[in-house]
Amino acid sequence: MTKSQTLSEDLESVAQRGLPVEKYRDRTFLVTGATGLVGSLVVRNLLYLNRRFALGLHVTAVVRRIEKAYAVYEAERDDPALSFVVWDVAEPPPESVGPVDFVVHAASVTASREMTERPVETIRTAVGGTANVLALARDSGALGVVYLSSMEVYGTMPDADGPVAEDRLGFIDLSSPRSSYPEGKRMCECLCTACAAEYHMRISVVRLAQTFGAGVLPGEGRVFAQFARSVIDGRDIVLRTAGLSEGNYVYAADAVAAILLLLTEGEPGAAYNAANEESHMRIRDMAALVADRVAEGRVRVVYDIPDDPASTGYAPDVKLFLSSARLRSLGWTPRVGLEEAYRRMIAYMRETEAASSGSGPFS
(Lines give C-alpha, C1' and ligand atoms only; values in the text may rest on other atoms or scores of the structure.)
Protein backbone atom coordinates (compact mmCIF):
# COMPACT_ATOMS: atom_id res chain seq x y z
CA MET A 1 0.00 0.00 0.00
CA THR A 2 1.28 3.44 -0.89
CA LYS A 3 1.86 5.93 1.90
CA SER A 4 -0.26 8.53 0.10
CA GLN A 5 -4.02 8.68 -0.18
CA THR A 6 -3.61 11.05 -3.13
CA LEU A 7 -1.43 8.62 -5.05
CA SER A 8 -3.82 5.76 -4.20
CA GLU A 9 -6.64 7.80 -5.75
CA ASP A 10 -4.55 8.37 -8.88
CA LEU A 11 -3.80 4.65 -9.23
CA GLU A 12 -7.50 3.83 -9.05
CA SER A 13 -8.30 6.64 -11.49
CA VAL A 14 -5.97 5.15 -14.11
CA ALA A 15 -7.46 1.69 -13.49
CA GLN A 16 -10.91 3.07 -14.31
CA ARG A 17 -9.95 4.57 -17.68
CA GLY A 18 -10.81 1.56 -19.78
CA LEU A 19 -7.24 0.62 -20.67
CA PRO A 20 -6.86 -2.62 -22.69
CA VAL A 21 -5.75 -4.52 -19.59
CA GLU A 22 -6.62 -7.95 -21.03
CA LYS A 23 -3.77 -7.46 -23.49
CA TYR A 24 -1.42 -7.21 -20.48
CA ARG A 25 -2.50 -10.53 -19.00
CA ASP A 26 0.38 -12.92 -18.22
CA ARG A 27 2.85 -10.56 -19.91
CA THR A 28 6.25 -9.31 -18.80
CA PHE A 29 7.04 -5.60 -18.72
CA LEU A 30 10.43 -3.89 -18.70
CA VAL A 31 10.55 -0.28 -17.49
CA THR A 32 13.82 1.64 -17.74
CA GLY A 33 14.42 4.79 -15.74
CA ALA A 34 12.31 3.16 -13.05
CA THR A 35 13.51 5.42 -10.23
CA GLY A 36 12.49 8.57 -12.10
CA LEU A 37 9.10 10.24 -11.71
CA VAL A 38 7.38 8.85 -14.82
CA GLY A 39 9.14 5.49 -14.80
CA SER A 40 8.30 4.84 -11.15
CA LEU A 41 4.67 5.76 -11.73
CA VAL A 42 4.45 3.41 -14.72
CA VAL A 43 5.77 0.60 -12.51
CA ARG A 44 3.38 1.44 -9.67
CA ASN A 45 0.40 1.61 -12.00
CA LEU A 46 1.26 -1.74 -13.59
CA LEU A 47 1.53 -3.35 -10.16
CA TYR A 48 -1.78 -1.82 -9.15
CA LEU A 49 -3.50 -3.02 -12.32
CA ASN A 50 -2.05 -6.46 -11.69
CA ARG A 51 -3.62 -6.60 -8.22
CA ARG A 52 -6.85 -4.93 -9.28
CA PHE A 53 -7.56 -7.24 -12.25
CA ALA A 54 -5.51 -10.33 -11.28
CA LEU A 55 -3.52 -10.09 -14.51
CA GLY A 56 -0.61 -12.34 -13.65
CA LEU A 57 1.87 -9.91 -15.13
CA HIS A 58 5.48 -9.30 -14.09
CA VAL A 59 7.36 -6.00 -14.03
CA THR A 60 11.13 -5.66 -14.27
CA ALA A 61 12.27 -2.25 -13.09
CA VAL A 62 15.62 -1.18 -14.55
CA VAL A 63 17.59 0.97 -12.11
CA ARG A 64 21.13 2.26 -11.76
CA ARG A 65 21.37 2.05 -7.97
CA ILE A 66 19.55 -0.65 -6.03
CA GLU A 67 19.64 1.42 -2.82
CA LYS A 68 17.67 4.18 -4.49
CA ALA A 69 15.24 1.64 -5.91
CA TYR A 70 14.57 0.19 -2.47
CA ALA A 71 13.90 3.69 -1.15
CA VAL A 72 11.58 4.64 -4.02
CA TYR A 73 9.67 1.33 -3.87
CA GLU A 74 9.57 0.97 -0.10
CA ALA A 75 5.87 0.09 -0.21
CA GLU A 76 6.13 -2.21 -3.26
CA ARG A 77 9.52 -3.91 -3.02
CA ASP A 78 8.07 -7.15 -1.60
CA ASP A 79 5.46 -7.44 -4.37
CA PRO A 80 6.16 -10.81 -6.08
CA ALA A 81 5.25 -9.26 -9.43
CA LEU A 82 8.18 -6.82 -9.18
CA SER A 83 11.88 -7.44 -9.72
CA PHE A 84 14.83 -5.09 -10.09
CA VAL A 85 17.71 -5.16 -12.55
CA VAL A 86 20.74 -2.91 -12.12
CA TRP A 87 21.63 -1.73 -15.62
CA ASP A 88 23.17 1.40 -17.06
CA VAL A 89 21.34 1.28 -20.38
CA ALA A 90 24.31 2.89 -22.14
CA GLU A 91 25.99 -0.50 -21.66
CA PRO A 92 24.83 -3.89 -23.06
CA PRO A 93 22.09 -5.49 -20.94
CA PRO A 94 23.08 -7.99 -18.24
CA GLU A 95 22.20 -11.63 -18.76
CA SER A 96 19.60 -11.38 -15.98
CA VAL A 97 17.35 -9.38 -18.32
CA GLY A 98 15.28 -12.07 -19.98
CA PRO A 99 12.75 -11.87 -22.83
CA VAL A 100 10.06 -9.23 -22.37
CA ASP A 101 6.67 -8.58 -23.94
CA PHE A 102 6.32 -4.83 -23.38
CA VAL A 103 8.94 -2.12 -22.90
CA VAL A 104 8.61 1.42 -21.56
CA HIS A 105 11.91 3.22 -22.12
CA ALA A 106 11.98 6.13 -19.68
CA ALA A 107 15.69 6.31 -18.83
CA SER A 108 17.12 9.73 -19.58
CA VAL A 109 19.13 12.60 -18.20
CA THR A 110 16.58 15.06 -16.75
CA ALA A 111 18.63 17.72 -14.93
CA SER A 112 19.32 20.81 -17.04
CA ARG A 113 22.66 21.46 -15.35
CA GLU A 114 23.84 17.94 -16.18
CA MET A 115 22.86 18.44 -19.82
CA THR A 116 25.06 21.53 -19.87
CA GLU A 117 28.00 20.19 -17.88
CA ARG A 118 27.98 16.60 -19.23
CA PRO A 119 26.65 16.84 -22.78
CA VAL A 120 28.65 13.87 -24.06
CA GLU A 121 27.23 11.59 -21.37
CA THR A 122 23.75 13.01 -22.06
CA ILE A 123 24.00 12.01 -25.73
CA ARG A 124 25.56 8.66 -24.92
CA THR A 125 22.79 7.76 -22.49
CA ALA A 126 20.12 8.84 -24.96
CA VAL A 127 21.29 7.31 -28.21
CA GLY A 128 23.38 4.41 -26.97
CA GLY A 129 20.86 3.53 -24.29
CA THR A 130 17.94 3.59 -26.69
CA ALA A 131 19.83 1.43 -29.19
CA ASN A 132 20.49 -1.16 -26.47
CA VAL A 133 16.90 -1.15 -25.23
CA LEU A 134 15.46 -1.49 -28.73
CA ALA A 135 17.86 -4.33 -29.53
CA LEU A 136 16.64 -6.15 -26.42
CA ALA A 137 13.03 -5.57 -27.45
CA ARG A 138 13.71 -6.83 -30.95
CA ASP A 139 15.49 -9.95 -29.73
CA SER A 140 12.58 -10.61 -27.34
CA GLY A 141 9.95 -10.24 -30.05
CA ALA A 142 8.33 -7.58 -27.88
CA LEU A 143 4.67 -6.87 -28.57
CA GLY A 144 4.95 -3.17 -27.84
CA VAL A 145 7.50 -0.47 -27.01
CA VAL A 146 6.94 3.11 -25.92
CA TYR A 147 9.84 5.56 -25.98
CA LEU A 148 9.51 8.60 -23.73
CA SER A 149 10.57 11.65 -25.67
CA SER A 150 10.08 15.31 -24.81
CA MET A 151 8.42 18.46 -26.06
CA GLU A 152 11.96 19.86 -26.31
CA VAL A 153 12.40 18.04 -29.63
CA TYR A 154 10.37 20.89 -31.17
CA GLY A 155 13.13 23.41 -30.47
CA THR A 156 12.27 27.07 -31.00
CA MET A 157 9.29 27.85 -33.22
CA PRO A 158 8.83 31.64 -33.21
CA ASP A 159 6.38 31.44 -36.13
CA ALA A 160 4.05 28.96 -34.42
CA ASP A 161 0.61 30.59 -34.53
CA GLY A 162 -1.50 27.84 -33.00
CA PRO A 163 -1.47 24.31 -31.61
CA VAL A 164 1.51 22.36 -32.96
CA ALA A 165 1.02 18.80 -34.20
CA GLU A 166 3.66 16.09 -34.36
CA ASP A 167 4.68 16.75 -37.97
CA ARG A 168 6.27 20.15 -37.28
CA LEU A 169 9.73 20.81 -35.86
CA GLY A 170 11.61 24.00 -35.12
CA PHE A 171 15.24 25.07 -34.71
CA ILE A 172 17.77 23.57 -32.29
CA ASP A 173 21.08 25.39 -31.85
CA LEU A 174 23.75 22.72 -32.25
CA SER A 175 26.43 25.09 -30.95
CA SER A 176 24.90 24.93 -27.46
CA PRO A 177 26.05 22.05 -25.22
CA ARG A 178 22.56 21.89 -23.73
CA SER A 179 21.24 20.87 -27.14
CA SER A 180 22.65 17.46 -26.27
CA TYR A 181 19.26 16.73 -24.71
CA PRO A 182 16.73 17.76 -27.41
CA GLU A 183 18.95 16.68 -30.30
CA GLY A 184 19.60 13.37 -28.55
CA LYS A 185 15.85 12.90 -28.18
CA ARG A 186 15.38 13.62 -31.90
CA MET A 187 17.96 10.97 -32.81
CA CYS A 188 16.27 8.48 -30.50
CA GLU A 189 12.93 9.13 -32.16
CA CYS A 190 14.58 8.57 -35.54
CA LEU A 191 15.99 5.28 -34.26
CA CYS A 192 12.54 4.21 -33.07
CA THR A 193 11.04 5.01 -36.47
CA ALA A 194 13.85 3.15 -38.21
CA CYS A 195 13.39 0.02 -36.08
CA ALA A 196 9.63 0.10 -36.57
CA ALA A 197 10.10 0.24 -40.34
CA GLU A 198 13.04 -2.12 -40.79
CA TYR A 199 12.25 -4.71 -38.13
CA HIS A 200 8.44 -4.38 -38.13
CA MET A 201 8.35 -3.58 -34.42
CA ARG A 202 5.44 -1.90 -32.65
CA ILE A 203 7.23 1.17 -31.31
CA SER A 204 5.45 4.40 -30.43
CA VAL A 205 6.95 7.66 -29.22
CA VAL A 206 5.26 9.84 -26.63
CA ARG A 207 6.40 13.46 -26.49
CA LEU A 208 5.64 14.37 -22.92
CA ALA A 209 4.82 17.88 -21.88
CA GLN A 210 6.19 18.93 -18.48
CA THR A 211 4.89 16.12 -16.28
CA PHE A 212 4.26 16.32 -12.56
CA GLY A 213 1.84 15.34 -9.83
CA ALA A 214 1.42 12.83 -7.03
CA GLY A 215 4.46 10.57 -7.06
CA VAL A 216 7.05 13.33 -7.36
CA LEU A 217 10.29 12.04 -5.84
CA PRO A 218 12.26 13.50 -2.92
CA GLY A 219 15.01 15.80 -4.13
CA GLU A 220 13.20 16.71 -7.36
CA GLY A 221 14.65 20.07 -8.42
CA ARG A 222 12.68 21.01 -11.50
CA VAL A 223 10.63 24.17 -11.52
CA PHE A 224 7.28 22.56 -10.66
CA ALA A 225 8.74 21.03 -7.50
CA GLN A 226 10.36 24.32 -6.55
CA PHE A 227 7.00 26.08 -6.85
CA ALA A 228 5.27 23.40 -4.78
CA ARG A 229 7.97 23.52 -2.11
CA SER A 230 7.58 27.29 -1.89
CA VAL A 231 3.87 26.85 -1.16
CA ILE A 232 4.52 24.20 1.50
CA ASP A 233 7.24 26.26 3.20
CA GLY A 234 5.46 29.60 2.82
CA ARG A 235 8.38 31.07 0.85
CA ASP A 236 8.21 33.38 -2.15
CA ILE A 237 8.48 31.76 -5.58
CA VAL A 238 11.80 32.81 -7.11
CA LEU A 239 12.13 32.90 -10.90
CA ARG A 240 15.66 32.76 -12.30
CA THR A 241 14.47 33.80 -15.77
CA ALA A 242 11.85 36.23 -17.01
CA GLY A 243 9.49 33.26 -17.31
CA LEU A 244 8.53 34.01 -20.89
CA SER A 245 8.65 30.42 -22.16
CA GLU A 246 5.24 28.97 -22.91
CA GLY A 247 4.80 25.86 -20.80
CA ASN A 248 2.91 22.75 -21.82
CA TYR A 249 1.87 20.51 -18.94
CA VAL A 250 0.29 17.16 -18.24
CA TYR A 251 -0.64 15.60 -14.92
CA ALA A 252 1.39 12.51 -14.05
CA ALA A 253 -1.56 10.09 -13.95
CA ASP A 254 -2.74 11.37 -17.34
CA ALA A 255 0.75 10.80 -18.76
CA VAL A 256 0.88 7.24 -17.41
CA ALA A 257 -2.53 6.48 -18.92
CA ALA A 258 -1.20 7.66 -22.29
CA ILE A 259 1.92 5.50 -22.07
CA LEU A 260 0.02 2.35 -21.13
CA LEU A 261 -2.50 2.95 -23.91
CA LEU A 262 0.24 3.42 -26.53
CA LEU A 263 1.87 0.09 -25.63
CA THR A 264 -0.92 -1.71 -27.45
CA GLU A 265 -2.82 0.93 -29.42
CA GLY A 266 -0.10 3.23 -30.75
CA GLU A 267 0.70 3.25 -34.45
CA PRO A 268 4.15 1.74 -35.12
CA GLY A 269 6.69 4.48 -35.75
CA ALA A 270 4.31 7.30 -34.83
CA ALA A 271 4.89 10.07 -32.30
CA TYR A 272 2.18 11.38 -29.98
CA ASN A 273 2.08 14.61 -28.00
CA ALA A 274 0.84 14.15 -24.43
CA ALA A 275 -0.23 17.53 -23.12
CA ASN A 276 -3.29 19.09 -21.54
CA GLU A 277 -4.05 21.98 -23.89
CA GLU A 278 -6.07 23.74 -21.19
CA SER A 279 -2.93 23.90 -19.00
CA HIS A 280 -0.85 25.83 -21.53
CA MET A 281 0.63 29.10 -20.21
CA ARG A 282 3.85 31.04 -19.70
CA ILE A 283 6.11 30.11 -16.78
CA ARG A 284 5.54 33.48 -15.13
CA ASP A 285 1.77 33.04 -15.40
CA MET A 286 2.00 29.58 -13.86
CA ALA A 287 4.02 31.04 -11.00
CA ALA A 288 1.32 33.65 -10.47
CA LEU A 289 -1.40 30.97 -10.53
CA VAL A 290 0.43 28.97 -7.87
CA ALA A 291 1.06 32.02 -5.69
CA ASP A 292 -2.41 33.55 -6.00
CA ARG A 293 -4.71 30.52 -6.19
CA VAL A 294 -2.89 27.49 -4.82
CA ALA A 295 -1.09 29.39 -2.02
CA GLU A 296 -4.05 31.80 -1.77
CA GLY A 297 -1.79 34.84 -1.80
CA ARG A 298 0.43 33.73 1.06
CA VAL A 299 3.54 33.86 -1.17
CA ARG A 300 4.72 36.23 -3.88
CA VAL A 301 6.54 35.80 -7.18
CA VAL A 302 9.96 37.47 -7.21
CA TYR A 303 12.65 37.58 -9.90
CA ASP A 304 16.35 36.88 -9.36
CA ILE A 305 17.84 36.69 -12.84
CA PRO A 306 21.63 36.07 -13.04
CA ASP A 307 23.86 38.21 -15.24
CA ASP A 308 24.59 35.13 -17.35
CA PRO A 309 21.26 33.23 -17.65
CA ALA A 310 22.88 30.54 -19.81
CA SER A 311 24.95 29.45 -16.81
CA THR A 312 21.83 28.08 -15.12
CA GLY A 313 21.38 25.43 -17.79
CA TYR A 314 17.75 26.38 -18.42
CA ALA A 315 16.36 25.81 -21.89
CA PRO A 316 16.01 28.90 -24.12
CA ASP A 317 12.64 30.67 -24.17
CA VAL A 318 10.17 28.71 -26.27
CA LYS A 319 6.89 29.71 -27.87
CA LEU A 320 5.08 26.42 -28.26
CA PHE A 321 1.52 25.20 -27.85
CA LEU A 322 1.26 21.42 -28.22
CA SER A 323 -1.75 19.71 -29.75
CA SER A 324 -2.75 16.30 -28.37
CA ALA A 325 -5.32 15.63 -31.08
CA ARG A 326 -3.51 12.51 -32.36
CA LEU A 327 -3.43 10.96 -28.88
CA ARG A 328 -7.03 11.96 -28.22
CA SER A 329 -8.03 10.08 -31.39
CA LEU A 330 -7.07 6.87 -29.53
CA GLY A 331 -9.50 7.68 -26.74
CA TRP A 332 -7.10 9.41 -24.34
CA THR A 333 -8.34 12.46 -22.45
CA PRO A 334 -6.44 14.46 -19.82
CA ARG A 335 -8.50 14.77 -16.66
CA VAL A 336 -6.51 16.98 -14.30
CA GLY A 337 -5.87 20.67 -14.93
CA LEU A 338 -2.92 22.73 -13.77
CA GLU A 339 -4.34 24.10 -10.52
CA GLU A 340 -5.60 20.70 -9.41
CA ALA A 341 -2.28 19.15 -10.46
CA TYR A 342 -0.47 21.44 -8.03
CA ARG A 343 -2.97 20.80 -5.27
CA ARG A 344 -2.63 17.04 -5.66
CA MET A 345 1.16 17.16 -5.87
CA ILE A 346 1.38 19.31 -2.74
CA ALA A 347 -1.04 17.00 -0.91
CA TYR A 348 1.13 14.04 -1.89
CA MET A 349 4.31 15.74 -0.73
CA ARG A 350 2.74 16.55 2.63
CA GLU A 351 1.38 13.02 3.07
CA THR A 352 4.68 11.32 2.33
CA GLU A 353 6.62 13.71 4.54
CA ALA A 354 4.18 13.09 7.40
CA ALA A 355 4.50 9.35 6.91
CA SER A 356 8.29 9.54 6.88
CA SER A 357 8.28 11.49 10.14
CA GLY A 358 5.88 9.02 11.74
CA SER A 359 3.25 11.67 12.39
CA GLY A 360 0.73 11.02 9.64
CA PRO A 361 -2.17 8.63 9.06
CA PHE A 362 0.01 6.34 6.90
CA SER A 363 2.77 5.84 9.45
Exercise. Could you tell me whether Arg222 sits above the aromatic face of Phe227, with NZ or CZ closer than 6.0 angstrom to the six-membered ring centre and within 45 degrees of the axis?
Key: no
Quiz item: If every non-hydrogen atom of Gly170 is compared with every non-hydrogen atom of Met157, which pair is closest and at what distance?
Solution: CA-CG, 3.6 Å
Quiz prompt | Asn276 side chain near Leu338 side chain, heavy-atom distance below 4.5 Å | solution = no
Quiz prompt | Ser204-Glu267 side chain donor-acceptor pair, cut-off 3.5 Å | solution = no
Quiz prompt | Check: Asn273/Ser324 side-chain N/O donor and acceptor closer than 3.5 Å | solution = no
Quiz prompt | Selection residues 196-207 - residue pairs positive for salt bridge (Lys or Arg N to Asp or Glu O under 4.0 Å), sequence neighbours left out | solution = Glu189-Arg207
Practice problem: State whether Glu353 and Arg229 are salt-bridged, where the test is any N-O pair (Lys NZ or Arg NE/NH1/NH2 against Asp/Glu carboxylate O) under 4.0 Å. | Solution: yes
Quiz item: Going by an N to O cut-off under 4.0 Å, is there a salt bridge joining Arg344 and Glu351?
Solution: no
Self-check item: Ring-ring centroid check Tyr342 Phe224, cutoff 6.0 Å
Solution: no
Self-check item: Centroid-centroid distance, Phe53 to Tyr24, less than 6.0 Å
Solution: no
Exercise. Quick one: name the residues clustered hydrophobically with Val89, using the 4.5 Å side-chain heavy-atom rule over I, L, V, M, F, W, Y, and just say none if it's on its own.
Key: Leu30, Val62, Val85, Trp87, Val97, Val100, Val103, Val133, Leu134, Leu136, Val145, Leu191, Tyr199, Met201, Ile203
Exercise. Could you pull out all residues at least two apart from Tyr48 that satisfy ring pair (Phe, Tyr, Trp, His ring centres under 6.0 Å)?
Key: none
